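Counting starts at 1 for both ligands and their atoms, following the listed order. From a predicted model like this one, the values you see are computed outputs, not experimental measurements. Both backbone and side-chain heavy atoms feed into the values below; hydrogens, waters and symmetry mates do not.
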Amino acid sequence: MQNDTSGHDWWHVERVRTLALVIGKKENANLFIVELAALLHDVADWKLNESEEKGKNEIIDILRNNSIDKEKSTHITSIIDGLSFKGAGVETSMDTIEGKVVQDADRLDAIGAIGIARAFAYGGNKKRLMYDPAVLPVFHASFEEYKNSKGPTINHFYEKLLLLKNLMNTDSAKSMAKNRHKFMEKYLNEFNKEISGLS
Ligand code: ADP
Ligand code: NI
């Protein structure tokens with residue numbers, strides 16, 4: 001992740017780790033599981049690997065080489081498996097409090113000031129247009145559809161980022177998401193005004 005320029009660099013991982021520990025403490029989660037799942041959460045991400053299988057095996061190897069017992073290891077890999085957003089119409093729920101905490105932390109890093117920066121970094125990395133009024137945002141009903149979409153970056157706000165506030169699992173994350181959400185709305189408002197020559 002060291003040299004990633006798609007918004008999934010090491011500092012994303014570090015921010016998710018920090019957020020997950022802050023939220024995890026408030027939610028009385030097992031902080032060992034939370035921290036390790038946060039650190040490893042993007043190793044197998046479908047956006048960063050040619051094969052998800054290869055990424056998953058890498059995680060299993062890291063856990064095994066560090067003598068993490070089977071129970072913890074299974075818990076951590078199941079959290080990582082269920083973490084990713086897969087389209088507005090696709091259910092991605094978490095079974096354990098540790099999973100809920102890490103998912104919230106990852107989703108918080110996708111919104112607010114940092115979320116805006118990451119979305120445009122991702123778009124540039126994938127050679128997407130920043131804005132194209134001819135392409136409307138899409139409600140993705142399946143992961144396949146979400147994965148294959150190539151819309152302009154500004155659409156991603158309507159297809160994912162503005163939906164995250166209502167998908168937070170824990171009360172602590174819900175309250176942090178409110179602030180970040182408001183900031184994105186303000187930003188989009190200004191973006192649209194500038195496009196229309198009104199600001
Ligand atoms: P998730 O686990 O939900 O996939 P990640 O932390 O791995 O979340 O990163 C998702 C982030 O990548 C988004 O929040 C956004 O910043 C960026 N991203 C993903 N898809 C797009 C897209 N189509 N356009 C712009 N940014 C995107
Ligand atoms: Ni992530």
Side-chain angles (χ1 to χ4, degrees), residues 1-2 4-21 23 34-49 52 55-56 58-59 76-94 98-132 135-140 142-169 173 176-177 180-181 183-184 187-188 191:
M1 272 142 188
Q2 197 171 19
D4 178 277
T5 53
S6 75
H8 297 82
D9 54 295
W10 161 251
W11 297 109
H12 161 63
V13 178
E14 181 63 29
R15 288 191 301 271
V16 171
R17 172 200 215 168
T18 306
L19 277 168
L21 285 173
I23 300 167
V34 164
E35 187 169 21
L36 213 39
L39 282 169
L40 296 170
H41 86 273
D42 267 340
V43 170
D45 194 280
W46 59 272
K47 295 185 288 315
L48 311 173
N49 284 285
E52 232 178 308
K56 276 185 197 166
E58 210 174 317
I59 294 176
I76 290 164
T77 48
S78 79
I79 291 175
I80 296 170
D81 259 352
L83 205 69
S84 204
F85 183 86
K86 294 185 170 70
V90 187
E91 166 86 35
T92 42
S93 60
M94 279 287 173
E98 290 74 21
K100 291 181 202 292
V101 166
V102 179
Q103 190 174 52
D104 280 355
D106 192 30
R107 289 179 169 176
L108 279 171
D109 202 57
I111 61 177
I114 287 176
I116 294 169
R118 288 183 71 214
F120 287 105
Y122 184 93
N125 181 274
K126 301 282 174 202
K127 306 210 180 324
R128 307 265 168 85
L129 281 186
M130 194 171 84
Y131 159 80
D132 179 357
V135 184
L136 294 176
V138 178
F139 178 91
H140 297 114
S142 73
F143 181 37
E144 227 23 59
E145 225 184 281
Y146 175 69
K147 196 155 68 169
N148 294 326
S149 79
K150 304 235 175 324
T153 299
I154 205 72
N155 290 14
H156 191 64
F157 287 84
Y158 302 96
E159 292 167 352
K160 172 183 177 187
L161 306 184
L162 292 170
L163 311 178
L164 291 180
K165 173 174 71 77
N166 292 338
L167 293 176
M168 295 293 160
N169 303 302
M176 291 167 98
R180 294 181 184 224
H181 184 90
F183 187 83
M184 285 195 301
Y187 173 81
L188 288 169
F191 189 99

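- At a 4.0 Å heavy-atom cut-off, ligand 1 touches His8 through the side chain alone.
- Those atoms of ligand 1 with a heavy atom of Ala110 less than 4.0 angstrom away are 14 (O).
- Residue Asp106 has at least one heavy-atom neighbour below 4.0 Å for each of these atoms of ligand 1: 1 (P), 2 (O), 5 (P), 6 (O), 8 (O).
- Around the NZ atom of Lys150, the shell of radius 6.0 Å holds more than 12 heavy atoms that belong to other residues, nucleotides or ligands.
- The N, O or S atom of Asp42 with the smallest distance to the Ni ion (ligand 2) is OD2.
- Ligand 1 lies within reach of Arg128, whose nearest heavy atom is under 4.0 Å from it.
- Neither the backbone nor the side chain of Val16 comes within 4.0 Å of ligand 1, counting heavy atoms alone.
- Proximity of Tyr122 to ligand 1, defined as any heavy-atom pair under 4.0 Å, is confined to the side chain (atoms from C-beta onward).
- Note on His41: its N/O/S atom closest to the Ni ion (ligand 2) is NE2.
- Using a 4.5 Å heavy-atom cutoff, the side chains of Phe183 and Ile111 are not in contact.
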Kindly indicate, with the supporting measurements, whether the criterion side chain to side chain contact (heavy atoms under 4.5 Å, CB included) is fulfilled by Tyr146 and Val90.
CA-CA 9 Å; Tyr146 175 69; Val90 187; over 6 Å; no
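- Between Glu145 and Val138, the closest side-chain pair of non-hydrogen atoms falls below 4.5 Å.
- For Val34 against Val101, the heavy-atom pair with the smallest separation is CG1-CG1, 4.0 Å.
- When side chains are defined from C-beta on, Ile23 counts as touching Leu108, because their heavy atoms get closer than 4.5 Å.
- Regarding atom 1 (P) of ligand 1, its nearest protein heavy-atom neighbour is Ser84 OG, 3.4 Å.
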Dump the intermediate steps for side chain to side chain contact (heavy atoms under 4.5 Å, CB included) on Leu188 and Tyr158, then the final yes or no.
CA-CA 10 Å; Leu188 288 169; Tyr158 302 96; 3.8 Å; yes
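- Interface of His12 with ligand 1, defined as ligand atoms under 4.0 Å from a residue heavy atom, comprises 6 (O).
- Take the Ni ion (ligand 2) as the corner point: the lines to NE2 of His12 and to OD1 of Asp106 open at 90°, to the nearest 10 degrees.
- Side-chain contact between Phe85 and Asp106 is absent, with no heavy atoms from C-beta onward closer than 4.5 Å.
- Close approach of ligand 1 to Leu161 is summarised as follows: ligand atoms under 4.0 Å from at least one heavy atom of the residue are 14 (O).
- Residues Ile154 and Met130 have side chains not in contact (no heavy-atom distance under 4.5 Å, counting atoms from C-beta outward).
- Within the 4.0 Å heavy-atom shell around ligand 1 one finds Lys160.
- Of the protein's non-hydrogen atoms, the one nearest atom 25 (C) of ligand 1 is Ala119 O, 3.4 Å.
- Trp10 CH2: more than 12 foreign heavy atoms inside a 6.0 Å radius.
- Only the side chain of His156 comes within 4.0 Å of ligand 1, judged by heavy-atom distances.
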